[in-house]
Amino acid sequence: MTNSWVDIKNADFILVMGGNAAEAHPVGFRWAIEAKKQRGAKLVVVDPRFNRTAAVADHYMPIRAGSDIVFLGGVINWLLANDKIQWDYVKAYTNAAAIVGEGYSFDEGLFSGYDAEKGKYDRASWNYELDANGQVKTDPTLQNPRCVWNLMKAHYARYTPDVVTDLTGTPKEDFLKVCELLGETAVPGKVGTILYALGWTQHTVGAQNIRTMAMIQLMLGNIGMPGGGVNALRGHSNIQGLSDVGLLSTALPGYLTLPNEKQHPTFAEYIAKTTPKALRDNQFNYWSNTPKFFVSLMKWFWGDKATKENNWGYDWLPKWDKLYDILQVVEMMNQGQVNGFIVQGFNPLASFPDANKVVESFSKLKYMVIIDPLATETSTFWQNQGESNNVDPSKIATEVFRLPSTCFAEEDGAIVNSARWLQWHWKGADAPGEAKADQEILGELFVALRELYRKEGGKAAEPILNVAWNYRDPTSPSAEELAKEMNGRALADIPDPKDPTKFLAKKGEQLPGFAVLQDDGSTSCACWIFSGSWTQTGNQMARRDNTDVGLGNTPGWAWSWPANRRILYNRASCTPEGKPWDPKRKLIAWNGERWAGIDVPDFKADSAPADGMGPFIMNPEGIGRLFCVDKLVDGPFPEHYEPMETPLGTNPLHPKVVNSPAVRIFKGDKARLGTPDEFPFVGTTYRLTEHFQFWTKSVKLNAIAQPEQFVEISETLAKEKNIAQGDMVKVSSKRGYIKAKAVVTKRIKALAVNGKTVHQIGIPLHWGWETVAKKGFLTNVLPPAVGDCNTQTPEYKAFLVNIQKI
Ligand SMILES: Nc1nc2c(c(=O)[nH]1)N[C@H]1C(S)=C(S)[C@@H](COP(=O)(O)OP(=O)(O)OC[C@H]3O[C@@H](n4cnc5c(=O)[nH]c(N)nc54)[C@H](O)[C@@H]3O)O[C@H]1N2
Ligand SMILES: Nc1nc2c(c(=O)[nH]1)N[C@H]1C(S)=C(S)[C@@H](COP(=O)(O)OP(=O)(O)OC[C@H]3O[C@@H](n4cnc5c(=O)[nH]c(N)nc54)[C@H](O)[C@@H]3O)O[C@H]1N2
Ligand SMILES: [Mo]
């Protein structure tokens, strides 16, 4: 989230699209209700199903799963046509005026630079025109045909209200209603927010769905504003923390890049390529601090062994050759290239797409280690469950080890919520039986492995032998010890550059924040964005002062990264002159000497408005991107591409390019894609409040509340297929089938799309065989193994199925 849960109450307009907040975030969703109650905010839901959020919305409208970019591109076109733009904001804070290089083009569904053989874009032409000093050329009058604003206008001119209705199935008057409500927030005194989650991410165009909305929020001047922003409502209780500490195959903690084998063979090349240069005069460009964050991280990994002479141990870091996302890893298992698989707090058989392929792939492993408090389908993937897992155990040689772990309530620690708050929690009970905390399991494994390397040597032993592992009990690092390392500490006295008689931190002290980090090895910090969370004054995450200092902001409650800042980009809540756009939403302001207010300024605190520095300090140009230079793999402007399995079989916007041309799909998975003649209906999967993923089916109360697997279909489809309420049905895709009870409902409607009737089938995801509820099928035998071009998040939300009564 750019903003916070409580801040949702400051919105005048709330769009829930690509998520079902009332169902999946029932506690945080109260703030949307507060906005309605306290200020009469309007709540709109755009979803394939009339869901529980829709039930309390002012307006609901259906949409065909996988067509959101058409809808949102149509909103952009409408805002432009109706001049609903916050012009002062757009001119000052976005790249509308920037001039794009001559090489950029878009034609019949393809951007410039496409290599059809590789299925990839060369992104060189998606860039600004720079002047002789390497600064972005602009046309503040917005007349130049190659400025971002005019290119954007031309790009979305195709997305007329008629095209929107025709491709999304959303009635035109409903679509226009959303345009009007969003358009009303283009003035400084009105702000709208967007709440989304998987309905947007789980598509081959997932990242671009979100970008389209970010563009709209920039055009409306809603970013940085209380009650505004782009708000990703996250999943597992600590999934935000997982991204923050870099648990992705090409990431390091704090959103630093793991070095790439080809691009970053040396430390010097890594630093040069990952430290951007400012693209505008006098720009702050926060990532210019990359060397400080990186060297401090290396000091955490290798302590005294990381020296200037050995480039802080750079050669010991693994270098990535390709993404090791879940789809890649399963494919490699399937090809027989993986021996062992360690599964910690994860039930991949239930949660990955194309479960039948996953079972086949797991069967080729030599061993699997499961660290989990419960028995999961993954741990018993080799058992025959009749139709729902029809395997022959005598043919599976994979050895499975199960290490029982504790559960969150049985340990201390911090969890990062969607709003970037690190909230400390305390153990409620001891774990039963032989269960151990995750740190203890990993600590014991590490110490034993290091001992083996010490005795026997082995390939690349140095990185393991040199790891700094200075815990009171090396076989069980405590949550406190780890949290302090995340914050970081001084390894030498850090003098204050402004006053040499003073120190920013003394040797051995916890650091006050990331501004103190150094690139000379005198600081150690495991995750720079968490620096400030456990300072000399103690554990900031454990604070519980809920004093409201205005607008619902409680800076004394827990700790929010970065720097306890609650609303990101909050400099943009003020005019270029430093006054709040909306006096009723005063968060920070320029007081003549510095930026101050009820939130921590997201800006250089002493940079006067006259300096003209841009508010988006994480971009080297300092302004928000309507045109996204060379970052995303599938285009600088979002464009509509059909899901990999499309019910239309074509893309009416550009029939030559139906699906996203930048998608990565493995050969075997391509052969497992279905077509609408055989699988005419759109399947979409989702969650229910009564269950959490695949584990609460082991809990009696949840099992009582939602005891049995079902699918939802419209009354029209039910009639067509002669299915009655409560009948058992078989839902199949090219990859497999499930059997479940039919819920026939008015909440799903047939849609008219491109001259066809499109039926959608709703499929909750929570079932399996390790359960105290009624045994069920794994929903994930249905979706295909193909992911978003940028993130590889699987396309769980739009794929083709058929249905029949059994
Ligand atoms: N009770 C409970 N709460 C949970 C979870 C749980 O399992 N149980 N899981 C947690 C996790 S890990 C996560 S990630 C979050 C997920 O939170 P959400 O994303 O809100 O949950 P989903 O139910 O997967 O999907 C949300 C909605 O997206 C809609 N949708 C599907 N396709 C499209 C589309 O193409 N366009 C649009 N506009 N909408 C579409 C679905 O109909 C559904 O209503 O929830 C978290 N909260
Ligand atoms: N079709 C379809 N598939 C989906 C989705 C979808 O919308 N549709 N959503 C996707 C999303 S967003 C997500 S997040 C995934 C979820 O996929 P998973 O993360 O695989 O699912 P969970 O059932 O939440 O598995 C978490 C496991 O962690 C265990 N656990 C709990 N606490 C602890 C602990 O402290 N330590 C350890 N070691 N284990 C613990 C639980 O017992 C449980 O078995 O599913 C994905 N799959
Ligand atoms: Mo999730």
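Numbering of ligands and ligand atoms starts at 1, following listing order. What you see is a predicted model, and the numbers here were worked out from it, not measured in a lab. All values below were derived from every heavy atom in this structure, side-chain atoms included, with hydrogens, water molecules and symmetry-related copies excluded.
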Dump the pairs for me: ligand 1 N or O, protein N or O, distance under 3.5 Å, to 0.1 Å.
residue, atom, partner, partner atom, Å
ligand 1, 1 (N), L688, O, 3.4
ligand 1, 1 (N), T689, O, 3.1
ligand 1, 1 (N), H691, O, 3.2
ligand 1, 3 (N), A24, O, 3.2
ligand 1, 7 (O), Q693, N, 2.8
ligand 1, 8 (N), H691, O, 2.5
ligand 1, 9 (N), R687, NE, 2.8
ligand 1, 19 (O), L198, N, 2.7
ligand 1, 20 (O), N20, N, 2.8
ligand 1, 23 (O), R687, N, 2.9
ligand 1, 24 (O), R687, NH1, 2.6
ligand 1, 24 (O), K797, NZ, 2.8
ligand 1, 35 (O), G66, N, 2.7
ligand 1, 35 (O), D68, OD1, 3.3
ligand 1, 35 (O), H203, NE2, 3.0
ligand 1, 36 (N), D68, OD1, 2.8
ligand 1, 36 (N), D68, OD2, 3.3
ligand 1, 38 (N), G18, N, 3.2
ligand 1, 38 (N), V46, O, 3.3
ligand 1, 38 (N), D68, OD2, 2.8
ligand 1, 42 (O), D47, OD1, 2.6
ligand 1, 42 (O), R49, NE, 3.1
ligand 1, 44 (O), D47, OD1, 3.3
ligand 1, 44 (O), D47, OD2, 2.9
ligand 1, 44 (O), R49, NH2, 2.9
ligand 1, 44 (O), N51, ND2, 3.2
ligand 1, 47 (N), A24, O, 2.7

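Ring orientation note: the planes of Y367 and F401 are nearly perpendicular, at an angle over 60° on the 30°/60° scale.
Smallest separation of non-hydrogen atoms from D788 and T204: OD1-O, 3.0 Å.
Taking a 6.0 Å sphere around CZ of F666, one finds it holds more than 12 heavy atoms contributed by other residues, nucleotides or ligands. More than 12 heavy atoms of other residues, nucleotides or ligands shown are found within 6.0 angstrom of NZ on K739. Counting non-hydrogen atoms of neighbouring residues, nucleotides and ligands closer than 6.0 angstrom, the CD atom of E434 reaches no more than 12 such neighbours.
Under 4.0 angstrom from ligand 2, the non-hydrogen atoms of T406 all belong to its backbone. Only the backbone of F408 comes within 4.0 Å of ligand 2, judged by heavy-atom distances.
Under the side chain to side chain contact (heavy atoms under 4.5 Å, CB included) criterion, K749 pairs with K746, sequence neighbours left out. Listed by chain and number, the residues in a side chain to side chain contact (heavy atoms under 4.5 Å, CB included) with T771 are K697, A773, K775 (sequence neighbours excluded). For H59, there are no ring pair (Phe, Tyr, Trp, His ring centres under 6.0 Å) partners two or more places apart in sequence or in a different chain.
The shortest N or O to N or O distance between T376 and ligand 2 is not below 3.5 Å. In terms of N/O distances under 3.5 Å, ligand 2 is not approached by Q344. Where the criterion is an N or O separation shorter than 3.5 Å, residue side chain and backbone included, D438 meets it with respect to ligand 2. Considering backbone and side-chain atoms together, I371 places an N or O closer than 3.5 Å to an N or O of ligand 2.
Within ligand 2, counting atoms from 1 as listed, the ones closer than 4.0 Å to a heavy atom of L374 are 42 (O). Residue E411 approaches ligand 2 through these ligand atoms, each under 4.0 Å from one of its heavy atoms: 35 (O). Atoms of ligand 2 lying under 4.0 Å from any heavy atom of N347, numbered from 1 in the order shown and given with element: 18 (P), 20 (O), 25 (O). The atoms of ligand 2 that sit less than 4.0 Å from any heavy atom of C407 are 32 (N), 35 (O).
Between the side chain of Q709 and the main chain of F777, a donor-acceptor pair closer than 3.5 Å is present.
The side chain to side chain donor-acceptor pair (under 3.5 Å) test with Y686 singles out one residue from E712, K797, H766, and that residue is E712. With respect to F352, the ring-ring contact (aromatic ring centres under 6.0 Å, His included) criterion is satisfied by exactly one of F694, Y796, F362, F346: F346.
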